[in-house]
Novice: 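Here it is, the structure in full.
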Amino acid sequence: MGKISKPLLFWYYNSARDLPWRVVKDLHPNPYFVWVSEVMLQQTGVKTVIPYFQRFIQAFPTVDVLAKANQDQVLSLWQGLGYYSRARNLHAGAKQIVAMGEFPQTAIELLKIKGIGPYTSAAIGSISFGETIPVVDGNVKRVFSRLFCLEEKGQALHDRAFELSLAEIESSPGDYNSALMDLGATVCSPRNPQCEICPLKLNCCAFKAGCVLDYPKKIEKKPMPTKYGIVAWVEKDGELLIRKREQGILKGLYELPWDEVEKTDYDKIDSDFVKHTFTHFHLYLKIVRTKKIQEGQFILFESLKDYPFSTLMKKILKKFRL
DNA sequence: GACTCGTGGGC
DNA sequence: TGCCCAAGAGT
């Protein structure tokens, strides 16, 4: 026990200083910024997050400003980032914190905030408040899985990584946790790990056994279904018909009206279609220009930028707008 | 515990 | 190209 903390922190302080994300975090050490960044980083790459993070904190520099914003503003700054419940929950969480009077300063207290779970509470607690608590994400699980040749996967691996990481914390828990994640993201990566330059290679079970790519053990996943739908492109007096999604996937975002149909309603997939892949299904949408008025609101084309749209809808707007 | 919830990078 | 996957949380 306690064998990886020192070489890990040494690597972090000497080799990871110029990582793009490290620079951003050092510039914005307060808990609100850490919170925003950690939520954006959930299931999302650093490279993708950075520009969104910069725009977001510029528009909403404090919790109070975010709490007072309206949902369309918040979602507009989240357009294209995906997992929009993160934005809705972040917004709700800001209102919660303002109502509480002060920013929660322990992982236990942070867990009460909407959208803050085990990962985010531990990240904010350790990075912003120096709390001794391990952060467990996909990177940490992969690093420990390889370090100790762990056979567990899923939740069992999560629990093992938590215990093992906790036992390794010696000092600077925030830096330690950040170092572990940065190591996993850059050196101990899923596909092409750079074991030669890894500060932990002499401690690594999988490296010494020559089976790094065998860990972590994979979880078998189900095949994704394919769905189909018809989009109504309705124009009237230079305006376009849109509506707001009130539930389910992409909730809170706007869209051109569309309904799901059976595949047998189509003869062939041609240029009238747009394909988009979500987390757990593929979607083919056929765009049909029509005059038939549906439920929704007409807005000027110039006003489209004022409404949050998903990447799917942006794809359709770009392709079919004359 | 299983399912829902997006998107773009990288190979 | 198509597939894997990425700093999770809510239900």
Side-chain angles (χ1 to χ4, degrees), chain A residues 12 16 19-22 24-25 33-53 75 78-90 92-93 107 110-127 134-143 153-159 161-162 165 174 176-186 188-193 213 216 218-227 245 247-253 255 275-283 308-315:
Chain A
Y12 187 61
L19 290 174
W21 188 245
R22 185 80 197 291
V24 172
K25 280 196 293 191
F33 290 150
V34 173
W35 177 32
V36 173
S37 69
E38 297 300 346
V39 170
M40 285 187 170
L41 285 164
Q42 291 168 14
Q43 304 293 286
T44 311
V46 169
K47 194 171 183 177
T48 303
V49 163
I50 288 178
Y52 280 90
F53 176 75
L75 286 175
W78 212 274
Q79 284 179 98
L81 198 52
Y83 286 141
Y84 300 94
S85 65
R86 294 181 297 171
R88 299 193 303 268
N89 289 337
L90 189 64
L110 286 159
L111 275 177
K112 297 175 182 173
I113 306 302
K114 190 83 171 170
I116 296 185
Y119 164 79
T120 308
S121 60
I124 299 173
S126 63
I127 294 172
V135 165
V136 180
D137 68 343
N139 290 312
V140 175
K141 282 188 280 191
R142 182 171 58 256
V143 169
K153 48 189 176 184
Q155 186 60 45
L157 174 58
H158 189 284
D159 295 343
F162 184 97
S165 187
Y176 166 85
N177 284 327
S178 297
L180 219 39
M181 292 189 282
D182 282 339
L183 185 77
T186 59
C188 194
S189 56
R191 308 280 188 81
N192 298 305
L213 292 180
K218 309 270 187 258
I219 298 174
E220 59 288 351
K221 51 183 67 173
K222 299 177 180 176
M224 289 205 297
T226 299
K227 300 182 179 181
R245 291 188 66 87
Q247 59 184 0
I249 194 167
L250 305 174
K251 187 170 85 176
L253 300 184
E255 66 180 6
K275 182 186 182 184
H276 193 74
T277 298
F278 292 100
T279 306
H280 53 291
F281 63 93
H282 301 287
L283 179 63
F309 289 98
S310 66
T311 295
L312 166 61
M313 284 300 146
K314 282 175 172 286
K315 209 185 283 184

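By convention in this document, chain letters (A, B, ...) are assigned in the order of the sequence lines, proteins followed by strands, and residues within each chain are numbered from 1.
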Novice: Indicate, with a heavy-atom threshold strictly under 4.0 Å, whether G115(A) touches base, sugar-phosphate, or nothing.
Specialist: sugar-phosphate
Novice: Under 3.5 Å, is there a donor-acceptor pair linking the side chains of S310(A) and E255(A)?
Specialist: no
Novice: Dot-bracket for DNA chain C: what is it, with Watson-Crick or G-U pairs under 3.5 Å, [ ] where a pair crosses earlier ones, and | for a pair to another strand?
Specialist: .|||||.||||
Novice: Ring centroids only, cut at 6.0 angstrom: are H276(A) and F278(A) within range, meaning strictly under it?
Specialist: yes
Novice: Expressed in angstrom and rounded to an integer, what is the separation of F162(A) atom CZ from dG8(C) atom P?
Specialist: 16 Å
Novice: Any side-chain to backbone donor/acceptor pair from Q79(A) onto F309(A)? Under 3.5 Å, distance only.
Specialist: yes
Novice: How many Å lie between CD1 on I116(A) and P on dG10(C), as a whole number?
Specialist: 9 Å
Novice: Considering heavy-atom distances to DNA chain C, does G45(A) or T120(A) have its closest nucleotide positioned more toward the 5' end?
Specialist: G45(A)
Novice: Measuring only the P atom in each nucleotide, how far is dA9(C) from dG8(B)? A whole number of Å is fine.
Specialist: 22 Å
Novice: Touch check for A123(A), heavy atoms < 4.0 angstrom, all strands: base, sugar-phosphate only, or nothing?
Specialist: nothing
Novice: H158(A): which residues meet the ring pair (Phe, Tyr, Trp, His ring centres under 6.0 Å) condition with it, sequence neighbours left out?
Specialist: none
Novice: Round to a whole Å and report the spacing from CD of Q247(A) to P of dT11(C).
Specialist: 15 Å
Novice: Could you tell me if the side chain of Y83(A) sits less than 4.5 Å from the side chain of W78(A), heavy atoms only?
Specialist: no
Novice: With heavy atoms under 4.0 Å as the rule, sort V140(A) into base, sugar-phosphate or nothing.
Specialist: nothing
Novice: Between T120(A) and G117(A), is there a donor-acceptor pair closer than 3.5 Å when you use the side chain of the first and the backbone of the second?
Specialist: no
Novice: Using a 4.0 Å cut-off on protein heavy atoms (strictly under), produce a 5'-to-3' string for nucleotides 6-11 of chain B with B for base contact, S for backbone-only sugar-phosphate contact, and - for none.
Specialist: BBS-BS
Novice: Show me the donor-acceptor pairs, under 3.5 Å and distance only, between side chains in residues 176-185 of chain A and residues at least two apart or in other chains.
Specialist:
{"from": "Y176(A)", "atom 1": "OH", "to": "S165(A)", "atom 2": "O", "distance (Å)": "3.2"}
{"from": "Y176(A)", "atom 1": "OH", "to": "S165(A)", "atom 2": "OG", "distance (Å)": "3.0"}
{"from": "N177(A)", "atom 1": "OD1", "to": "V135(A)", "atom 2": "N", "distance (Å)": "3.1"}
{"from": "N177(A)", "atom 1": "ND2", "to": "S126(A)", "atom 2": "OG", "distance (Å)": "3.0"}
{"from": "N177(A)", "atom 1": "ND2", "to": "I133(A)", "atom 2": "O", "distance (Å)": "2.9"}
{"from": "N177(A)", "atom 1": "ND2", "to": "P173(A)", "atom 2": "O", "distance (Å)": "3.2"}
{"from": "S178(A)", "atom 1": "OG", "to": "K25(A)", "atom 2": "NZ", "distance (Å)": "3.3"}
{"from": "S178(A)", "atom 1": "OG", "to": "G174(A)", "atom 2": "O", "distance (Å)": "3.0"}

Novice: Name the nucleic acid region contacted by K222(A), choosing base, sugar-phosphate or nothing; use a 4.0 angstrom heavy-atom cut-off, strictly under.
Specialist: sugar-phosphate
Novice: For K153(A) and dC5(C), what is the distance between atoms NZ and C1' respectively, to the nearest whole Å?
Specialist: 17 Å
Novice: Not counting sequence neighbours, which residues clear side-chain hydrogen bond (donor to acceptor under 3.5 Å, both in side chains) with Y84(A)? List them please.
Specialist: none
Novice: So, is K218(A) near the phosphate of dC5(C), with a side-chain N or O under 4.0 Å from OP1 or OP2?
Specialist: yes
Novice: Show me the pairs that pass side-chain hydrogen bond (donor to acceptor under 3.5 Å, both in side chains) and involve residues 43-52 of chain A, at least two apart or across chains.
Specialist: T44(A)-R86(A)
Novice: Can you tell me how far C1' of dA9(C) sits from CG of L90(A), to the nearest Å?
Specialist: 13 Å
Novice: Using atom NE2 of H158(A) as one end and atom P of dA9(C) as the other, report the distance to the nearest whole Å.
Specialist: 8 Å
Novice: Are there more than 12 heavy atoms of other residues, nucleotides or ligands under 6.0 Å from atom CD of Q247(A)?
Specialist: no
Novice: Just to be sure I understand the rule, does N89(A) reach a base, reach only the sugar-phosphate, or reach nothing, if contact means heavy atoms closer than 4.0 Å?
Specialist: sugar-phosphate
Novice: Figure out the CG/P separation between L111(A) and dG8(C), and round it to whole Å.
Specialist: 16 Å
Novice: Starting at atom NZ of K141(A), determine the distance to atom P of dC5(C), rounded to an integer number of angstrom.
Specialist: 13 Å
Novice: Among dC5(B), dA9(C), dG8(C), find the nucleotide with the atom closest to the side chain of H280(A).
Specialist: dC5(B)
